[in-house]
2 protein chains.
Amino acid sequence: MRPTTKDLAKAAGVSLATVDRVLNDRTGVREDTVRRVSEAIEKIGFLRNISAANLARSKSYRFLFLLPRSGDQFLAEVLAKISEANSAFGSEAMRAEVAQIHESDPHQIANFLESLNPDTVDGVAIMAPESPQVRDAKLRLEQRGIETVSFISGQIRAGADLAAEDFIGIDNHAAGATAGRLMGRFLDRKPGKVLVIAETMHARDSLERRLGFDEVIGADYPYLTVLPSLETHGEAERTDRILSATFARNPDIAGVYILSSEARVPLQSVTQLTQAGHRLVIAHERTPFTEAALLSRQIDALITQDPGHLVRSALRILRARCDRREVLASQEKIRIEILFAENL
Amino acid sequence: MRPTTKDLAKAAGVSLATVDRVLNDRTGVREDTVRRVSEAIEKIGFLRNISAANLARSKSYRFLFLLPRSGDQFLAEVLAKISEANSAFGSEAMRAEVAQIHESDPHQIANFLESLNPDTVDGVAIMAPESPQVRDAKLRLEQRGIETVSFISGQIRAGADLAAEDFIGIDNHAAGATAGRLMGRFLDRKPGKVLVIAETMHARDSLERRLGFDEVIGADYPYLTVLPSLETHGEAERTDRILSATFARNPDIAGVYILSSEARVPLQSVTQLTQAGHRLVIAHERTPFTEAALLSRQIDALITQDPGHLVRSALRILRARCDRREVLASQEKIRIEILFAENL
DNA sequence: ACGGGGATGAGGTACGTACCTCAAAAATCC
DNA sequence: GGATTTTTGAGGTACGTACCTCATCCCCGT
């Protein structure tokens, strides 16, 4: 049997009340006594029963996902996983809600965060481009007792030694490098051009992917030329236009790297402009669309992160923070997955 | 506030005692009343508070991993993750233990399973080659109220429609196919031979990987010749011998696929016999050794499954079975991961 | 209308922890 | 040494569920 607070009290030679005072950081306990209890905790291997504690406290956790409004399929997957997590974690007294805000306006995001009430929300997972306003708002949230994490994008600095728990998502530089490696190895060893298509290059995520991509190509596949990034702005017409122009000017494009999460618009143009899949295409994120494209060989490889894992990880980390508990780092590491038709 | 049994009783117009009888499948309730309670459950969205239930029952879950004795590094990783899971799930009243048995003797395994006591063990994750004896022993265990799952290897039939919860691990056919795809795309499009090295081809896992590998190579890269599988039996000396002989006879080996989980022995031979990494090497499982080999370019790609995920998945599935709960299928799907130096 | 038996209700205790009150003991101060 | 403050103990209630007992009710067949 696991030792209980009663056992702990006996082992420490104090009463239950004092054990409670020590465990919950209440005042009015001599330092000496605290030490005796702490030693007893070590000695008998006492572990607080969190279920019982939450029951007694009748505590439940309310978390919020702050997501952009943009309607791409990857975001839809994330939303689906959030509602899935809600039913899965339902019996554990956690509830996740969603708020969607225009990502382009840092002020609006900051205002929204400012308006959150610690009585209504225990933690927020924020998916938003980094900006000083949002960073400040996050700090203030934490001061007011609301836990926060950066979700998928918007970390302060990738590759820095920021704790895994502060940012939930992949290292975009590494993701770009992985794309670069695949591109380099899949293409024949002869000169050619590589096209990079993004929704916008203003997002740090896109920049980092591009950087990682270029690094690998530059170092190991110097015979490949990576063209300047084309920006679709999510508009089908514009995409068609600039892609036809680019393909016309560069008949020797051997590979295409679509680095934004919405591959649909650019891929449709690329497919039209290219004969019978003889151009290597690498894209990001698994959605019903990209999955189908992978199976029909319109896409050769997909670099993804698991939205279900992202969501659950965010919830587990927020919850651990609320409980002032450690998380299992290896479980929360979001992997850069590579998908072919074979390992879908 | 989440509805409690009290609310449920009120909503169903019955007493707490009857609610309890219905919820816990006790006898002495009219069918009609059961229906009324069930309807009330739907109506008010009642969800049993599992923490409170386990607390009341003072139930804790004791699970067992039955693993082979063989000391390869992948197994060591699994063992490490089991002890990690023990500390992570410690506060949730689950404990995982390990028993290691010679995998070669189905009788011994069956005997061991037979000896398990439902009072001591709630569930077992079994990693063992399939055999009629073990299959029977599993059935008997389940009859005696001990839950079982196949772990990593030993599933009855891969690709069949067996529920995800019965087998925890990757589809080895797909893993082999993924290796085949990588091999085919990474090699230049010119004739060459591919060497396949296994510890033994008697295991179904190895056979399936080989099958998947051959299928892809045969279909899409007909100019490649896959040599018969070499078996190392885990012996360094023997491996050295047969590999030098094979390389001497086949100077045009362009790629090597090491399909067993212990890549160390064959890789050391391959490295010695090959000049400066101009031979493509694909291996399985991430271990300290293969990781280092990937970084030093002795291995070009690694196909892996996450041991931490395997362990946690096994525990979650066993636990859900004990609680007669559904699992979140998407969380328990073990992915076939592809690793390069870039996405380690 | 009666007995029998199954169905139901009322109420209790327990699980391990949180949080409260009040009294008693111990340490501190002057 | 006495008064004051701080620390500690004892005991209670609560959380949501499980599991137990006993009393009562209703329905059935006769």
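Order of the sequence lines sets the chain letters (A, B, ...), proteins ahead of strands, with each chain counted from 1.
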Under 4.0 Å between a side-chain nitrogen and a carboxylate oxygen: does that hold for [X] and [Y]?
{"X": "B:D122", "Y": "B:K59", "result": "yes"}
{"X": "B:R26", "Y": "B:D20", "result": "yes"}
{"X": "B:D32", "Y": "B:R35", "result": "yes"}
{"X": "A:R62", "Y": "A:E97", "result": "no"}

Self-check item: Base versus backbone protein contacts along nucleotides 12-29 of chain D [heavy-atom cut-off under 4.0 Å; B, S, -]
Solution: ---BBBSB----------

Exercise. Examine D:dT8: is either OP1 or OP2 under 4.0 Å from a nitrogen or oxygen in the side chain of A:T18? Give yes or no.
Key: no

Quiz item: Just how far, in rounded Å, is P of C:dA26 from CZ of A:R36?
Solution: 12 Å

Exercise. Specify the separation, in whole Å, of atom CD of A:E31 and atom P of D:dT6.
Key: 16 Å

Practice problem: Would you indicate whether the side-chain heavy atoms of A:R95 and A:F89 approach each other to under 4.5 Å? | Solution: no

